[in-house]
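As structure tokens, the structure follows; a few thoughts come after it.
Being a predicted model, the structure only gives us computed values, none of them experimental.
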Amino acid sequence: TAAVPAKAASLHISRETLYSEERALMSVAQIMQSTEPLRKWLSTLERSDGYINLVADQRLPYGIIKRIIQACQDSGFNNVNLAVKPLGGA
């Protein structure tokens with residue numbers, strides 16, 4: 001029997017806030033200053049497969065998304081799945 005892959009952790013980024021699956025982690029404005037709160041949260045996760053899902057608002061500047069991706073990769077999550085929530089999307 002094949003092993004069932006572990007469910008990847010998810011991050012959601014609205015225009016104002018970065019959320020983990022269960023709570024707000026930091027504001028988008030804070031991300032431009034430091035990604036340390038994100039890195040601390042990432043350090044608490046199981047990263048055996050190195051996957052993380054990132055769902056971002058389409059209107060976010062790419063520089064913010066890039067900083068989040070870099071923090072994920074620096075924390076051992078080298079497989080970042082990026083999805084963009086389109087304007088007017090549910």
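Glu16 contributes atom CD, which lies 9.0 Å from atom CG of Leu60 (distance to the nearest 0.5 angstrom). To the nearest 0.5 Å, the span separating CD1 on Ile13 from CZ on Arg59 amounts to 13.0 Å. The structure places SG of Cys72 at 5.5 Å from CG of Leu11, a figure rounded to the nearest 0.5 Å. Here OG1 of Thr17 is found 9.0 Å from CD of Gln30. Values are rounded to the nearest 0.5 Å. Within the model, atoms CD of Gln33 and CZ of Arg67 stand 8.0 Å from one another, a figure rounded to the nearest 0.5 Å. Here Ile52 contributes atom CD1 and Asn78 contributes atom CG; the two are 11.5 Å apart, rounded to the nearest 0.5 Å.
In the hydrophobic cluster analysis, where Ile, Leu, Val, Met, Phe, Trp and Tyr join through side-chain heavy atoms closer than 4.5 angstrom, Val84 is grouped apart from Val80. Clustering ILVMFWY residues whenever any of their side-chain heavy atoms sit less than 4.5 angstrom apart, transitively, puts Met26 in a cluster other than the one holding Val55.
Residues Ala71 and Leu42 share a closest heavy-atom pair of O-CD1, 3.8 Å. When all heavy atoms of Ile65 and Ala56 are compared, the closest pair comes out as CD1-CB, 3.9 Å. In plain terms, the two heavy atoms of Tyr19 and Ala24 that are nearest each other are CD2-CA, 3.6 Å. Residues Ala9 and Trp41 come closest through the heavy atom pair CB-CH2, 4.3 Å.
For the pair Ile31 and Leu38, the minimum side-chain heavy-atom distance is 4.5 Å or more. The shortest side-chain heavy-atom distance between Lys40 and Thr44 does not fall under the 4.5 Å cut-off.
With sequence neighbours excluded, the residues forming a side chain to side chain contact (heavy atoms under 4.5 Å, CB included) with Asn81 are Tyr51, Asn53, listed by chain and number. With sequence neighbours excluded, the residues satisfying side-chain hydrogen bond (donor to acceptor under 3.5 Å, both in side chains) with Gln70 are Asp74.
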request  = Start with the C-alpha distance between Leu54 and Ile69, add both sets of side-chain angles, then the distance that settles side chain to side chain contact (heavy atoms under 4.5 Å, CB included), and finish with yes or no.
outcome  = CA-CA 8 Å; Leu54 180 58; Ile69 291 171; 3.8 Å; yes

